[in-house]
2 protein chains.
Amino acid sequence: MVTKGNAFDPNCPTRTILDRIGDKWTVLVVLSLRSGPLRFTELRDRIGQVAPKVLTQTLRRMERDGLITREVYPEIPPKVVYTLTPMGASLIGPISVITDWAETHLPAITKAQAAYDGV
Amino acid sequence: MVTKGNAFDPNCPTRTILDRIGDKWTVLVVLSLRSGPLRFTELRDRIGQVAPKVLTQTLRRMERDGLITREVYPEIPPKVVYTLTPMGASLIGPISVITDWAETHLPAITKAQAAYDGV
DNA sequence: CTCGACGGTATCCATTGGTAACTGGCTACT
DNA sequence: AGTAGCCAGTTACCAATGGATACCGTCGAG
C-alpha cells in the first residue's frame, strides 16, 4: 500500500529531495551546468532574473547536498567554478521527465485554468 | 541543445509546472489519490500534518489546473470527494521517477551533508 | 584616481507557509 | 432541553522564506 519509503512520513527522504527539486532555481542550475562547469556570473547571466543572494543560497545548498562542487581560484579578480558532481548529473534524467511532462501538458493546464476562472 | 520550451524563459511552461511539483503538498495529494477518490478528511488524515487551510489551497489550485475534480454532495454532514483526472493520474509516472531517484540517492546526500557540516 | 571585473554581503520588504480558533447545519447522546 | 460532535472548510494572525536593491574589497587598466 501507499509508498515504500513513505512520502507521508514527516522525516521522509523523498520530502527532502522534493524540497530541492521543487526549489525554483536548483533545477535551472542543474540544467545550466549540464554542458560543463560555469562561473558564478556565467550562471547568473544564463539563468536570468535571479538575485545574487538567492543564487548563492541555492549553490551553497546544492554544494552541501553533494550535487555540485565549488572550486575557488585565489586570483584577482576572483574566480569560482561550479561543476556538477556525478550525483548532480544523475538528476538530469529525472528532471527531463518532469519537463517533458510539463511541455506536453501545459496547453491542457492553461485551458483548464481558463475554464475554471471563466466559471 | 538546451531545452526547447526553454526553462530559462521567465514565462516558461516548465517553471509553471515545477512550481506545482515542488509544492510541498501537491505530490502527496496525487499519491494519496492514486488508489481512488478520497474525501477531505480522509486526505487530511492520510497526508498527516497538513493544516486544513493549506490543504484547501492546494486542492483548489490542483482543481484549477485540471489535476483533480471536486464533487460536492449537499448532504448533512457535508461530503466532498476529490478524484484524480486523467491528467492528474499521468503525473504519477514522473513523480515516481523523482521519488525513486530520491530513495536511491538519499544516503549519499545525507553523507554529503554530514561531510560538509563537519568541515 | 577613478573605473570596472568578480563573487559575493547587508539591508529591507513582500509573499508565502503555517497555527489555532471558529463557523454552520444537522444528528445523536444524556 | 442541553450539549457535544461530525464534516468541510474559513478567519485572523504570525513566522519564515524569497527576492530586489545597494553595497563591499581587491586588484589592474586607462
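First the proteins, then the strands, lettered A, B, ... as listed; each starts at 1.
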Across the strands shown, which category fits Tyr82(A) at heavy-atom distances under 4.0 angstrom: base, sugar-phosphate, nothing?
sugar-phosphate
Under 4.0 Å between any heavy atoms, over every strand shown, what does Val80(B) touch: base, sugar-phosphate, or nothing? Just pick one.
sugar-phosphate
Results of ring pair (Phe, Tyr, Trp, His ring centres under 6.0 Å) for Trp25(B) - residues two or more places apart only:
none
Nucleotide nearest [X] (side chain, heavy atoms from C-beta), chosen from [options]:
X: Pro52(A); options: dA5(C), dT21(D), dC13(D); value: dT21(D)
X: Asp23(B); options: dA5(C), dG17(C), dG8(C); value: dG17(C)
X: Val54(A); options: dA8(D), dG19(D), dG25(C); value: dG19(D)
X: Thr41(B); options: dT10(D), dT26(D), dC7(D); value: dC7(D)
X: Lys79(A); options: dG8(C), dG7(C), dC13(D); value: dG7(C)
X: Gln57(A); options: dA8(D), dT9(C), dG18(D); value: dG18(D)

Spacing between [X] atom [atom1] and [N] atom [atom2], to the nearest angstrom:
X: Leu43(B); N: dG9(D); atom1: CG; atom2: P; value: 10 Å
X: Asp45(A); N: dA5(C); atom1: CG; atom2: P; value: 11 Å
X: Leu38(B); N: dA8(D); atom1: CG; atom2: C1'; value: 15 Å
X: Phe40(B); N: dA8(D); atom1: CZ; atom2: C1'; value: 6 Å
X: Glu71(A); N: dG8(C); atom1: CD; atom2: C1'; value: 18 Å
X: Arg61(A); N: dG18(D); atom1: CZ; atom2: P; value: 6 Å
X: Leu55(A); N: dT21(D); atom1: CG; atom2: C1'; value: 16 Å
X: Arg44(A); N: dG8(C); atom1: CZ; atom2: C1'; value: 10 Å

Neighbour count >12 (heavy atoms, 6.0 Å) for atom NZ, Lys79(B)
yes
[X] versus [Y]: any side-chain heavy-atom pair under 4.5 Å?
X: Val29(B); Y: Met62(B); value: yes
X: Arg64(A); Y: Arg61(A); value: no
X: Leu91(A); Y: His105(B); value: no

Would one find a side-chain N or O of [X] under 4.0 angstrom from OP1 or OP2 of [N]?
X: Lys24(B); N: dG18(C); answer: yes
X: Arg39(B); N: dA8(D); answer: yes
X: Arg60(A); N: dG7(C); answer: no
X: Trp25(A); N: dG18(D); answer: no

The residue, Glu42(A) or Ala51(B), whose nearest nucleotide of DNA chain C is more 5′ is Glu42(A)
Of Pro77(A) and Val50(A), whose closest DNA chain D nucleotide lies nearer the 5' terminus?
Val50(A)
Under a 4.5 Å side-chain heavy-atom rule over Ile, Leu, Val, Met, Phe, Trp and Tyr, are Tyr116(A) and Leu67(B) clustered together?
no
